[in-house]
Amino acid sequence: MLKIHHNFIKFTKKNYFCKLNLIIMKMKCHPFIILLIAVIFCGLRDSYASSSTEKENNALLQQLDSIIANHQNLVKEKEIRINGLRETLNKAKTNSQRFGITRQLYDEYLVFDSDSALHYATETRKIIERSMPDDYDLLTEWKLNEAFLYTVQGLYDTTIELLNGIDSSRLSPQMKSSYFGSVAYLYSMRSVYLQSNKKMWNEDIAIANQYRDSIQAMNLPEVPEWLWVPVATALDGKTEFNGGFDVSKLKKAVDDNKVPSRQNAINAYWLSRYYEAIGDTDLMVKYKTTAAINDALIVNREIAAMQELAAYLFEKGDLNRAYNYLIYTVDQANLYHNRYRIVNLADALPTVRDAYREELVKRDRRLSIYVIILAALSLILIVSIFFIVFEFNKLKKMRNLLSEANSELKESIKERDEAITGLEKANNELNDANKQKLGLLAYAFKLTTQYINALEGYRKKLLKKYKGKQIDDLGILINDPELIKEQYQDFYESFDKTVLSIYPDFIEEYNKTVPEDSRVSAESITKTKTLNTKLRIYALRRLGISKSAEIAEMLNISIRTVYNNRTNES
């Protein structure tokens, strides 16, 4: 994934340069403008590169956090391998078999447990002295391995005595370079304890750099084991360091090697020291973290990168990571019995621990404040909930009241509608009554007019007879009853038609008032449009005339007749 990311950055940069070249080729303007564009482009490119490296560093730190969290599982895996080798060693019968197994055990213990590593380094050297005493390079290799472990444990006099017993003139160039490296490492480590004595410190640093220079002077093949030496020589020499030498091969060796190993951790560590010296903080963090990841994955307890990374993170305010990394480093140094690391960490740990504790106190205070605020907010929330519940119940009651009012309103509307319907019905009945009254009034006017006209005709007839001296005819006319019958007949016809027209349901209403055997046929009455005496008496009563005498006078019948017909009604 990281390789793909680097390739993407490389591809993007290439595209940027291509586009910039095209723009410059097409532009025919003042050189100052071209320079300005180039400066802007470089600024954007550097900003992008810085942001990309920062993200990569964050990813590496997260990876390191995860590895440290999984540290015990890595230790268990290593212990399983070691136990397997020990069982195999117990079954070995020949020196050759024991040599191969003790060598593997030394490799496993080398950066895991210095005491056990020293034991198997000594055992391996003894096997070589017994079975291969003439192989001086191989014997020297294991003496150097012992010397390294004595140096780690701070037994410098023992280391010097062991190294002085080696005749470097008998060594091959490759082994001689290893011998020079061991001597340089011895004096470089011892100088740490001599910092209070400036003269002795300078002497030890000078000796260490002298042997490093001897390694470079040998023109050995550029192998990963020695690519870091120029950087270490320049940095430990305390001379002016401007990074004026090429570290591309060292960088390539670190970037290309993805298999965790002690050598890759060493190379990454010195590469980080180089970038730290030239002021490139991002790359310093990147390669110091890379070195720490390699150390953690192989359970390397002889570590420097993580300690320095913790110091940098402490300065940047990342106290949590700094404290965790430093505690991890202290634990590993104690388990490895690294005297130098223990002494060195003894000075740094209290400062970081006190700052971490202070940060924890501040965090606890903030947490207490947050708890108080949270409690206050919870109280407000509880009060708000009660208030909301109260308001909700209040709203519920209001809704119930509103629902009841709505029901009452609907009932009122219903009653109103019924009242309106009743009013409409009464109004219709009133209209019908008005129509009936108007009809009766018109009928009365008509009858009155007819009566007046009849009287006028009768008067003219009598006057004609009188003028003609027809006294006998006049007497006959006056005594003739048919004349009155004709007038009443016309009155009955007009009365019947008027009643039937004003009261369309007249017959149905009449039938409801008399027994079933006395009811009349509505069809026959509608067909003849003529009422009988009973119906005329009922019609007058319907019109509000209730006195029998008035009814008898109007219909020209006897009171007895009126009375008899009325008693038949129910």
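A donor-acceptor distance shorter than 3.5 angstrom exists from the side chain of Ser214 to the backbone of Gln210, with no hydrogens or angles considered. Remark: side-chain polar atoms of Ser114 are paired, donor with acceptor, to backbone N or O of Tyr336 under 3.5 angstrom.
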*Intermediate values then yes/no, side-chain hydrogen bond (donor to acceptor under 3.5 Å, both in side chains), Asn300 and Gln332*: CA-CA 8 Å; Asn300 182 1; Gln332 301 311 304; over 6 Å; no
*What do the steps show when you test Tyr312 against Lys288 for side chain to side chain contact (heavy atoms under 4.5 Å, CB included), and what is the final call?*
CA-CA 10 Å; Tyr312 170 79; Lys288 210 171 285 289; 6.0 Å; no
*Please step through side-chain hydrogen bond (donor to acceptor under 3.5 Å, both in side chains) for the pair Asn209 and Arg212, ending with a clear verdict.*
CA-CA 5 Å; Asn209 284 334; Arg212 287 169 179 162; 3.3 Å; yes
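For an aromatic pair to be called close, the ring centres must be under 6.0 Å apart, and Tyr106 with Tyr120 fails this.
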For residues 72-83, dump all side-chain donor-acceptor pairs below 3.5 Å to protein atoms at least two apart in sequence or in another chain.
{"residue": "Asn73", "atom": "ND2", "partner": "Asn70", "partner atom": "OD1", "Å": "2.4"}
{"residue": "Lys78", "atom": "NZ", "partner": "Glu108", "partner atom": "O", "Å": "3.1"}
{"residue": "Lys78", "atom": "NZ", "partner": "Glu108", "partner atom": "OE1", "Å": "3.0"}
{"residue": "Arg81", "atom": "NE", "partner": "Glu108", "partner atom": "OE2", "Å": "3.3"}
{"residue": "Arg81", "atom": "NH2", "partner": "Glu108", "partner atom": "OE1", "Å": "3.4"}
{"residue": "Asn83", "atom": "ND2", "partner": "Glu79", "partner atom": "O", "Å": "3.1"}

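Counting only N and O atoms by type, the side chains of Tyr287 and Asp255 include a donor and acceptor under 3.5 Å apart. When only modelled atom types and interatomic distance are considered, Asn145 and Glu141 share no side-chain donor-acceptor pair under 3.5 Å.
Pairs passing the side-chain hydrogen bond (donor to acceptor under 3.5 Å, both in side chains) check and including a residue from residues 123-138, sequence neighbours excluded, read Thr102-Thr124, Arg125-Glu129, Arg125-Glu146, Asp137-Ser172.
Among Leu283, Leu227, Val247, the single residue meeting the side chain to side chain contact (heavy atoms under 4.5 Å, CB included) criterion with Leu271 is Val247.
Counting heavy atoms of neighbouring residues, nucleotides and ligands inside a 6.0 Å radius, atom CE of Met398 does not exceed 12 of them.
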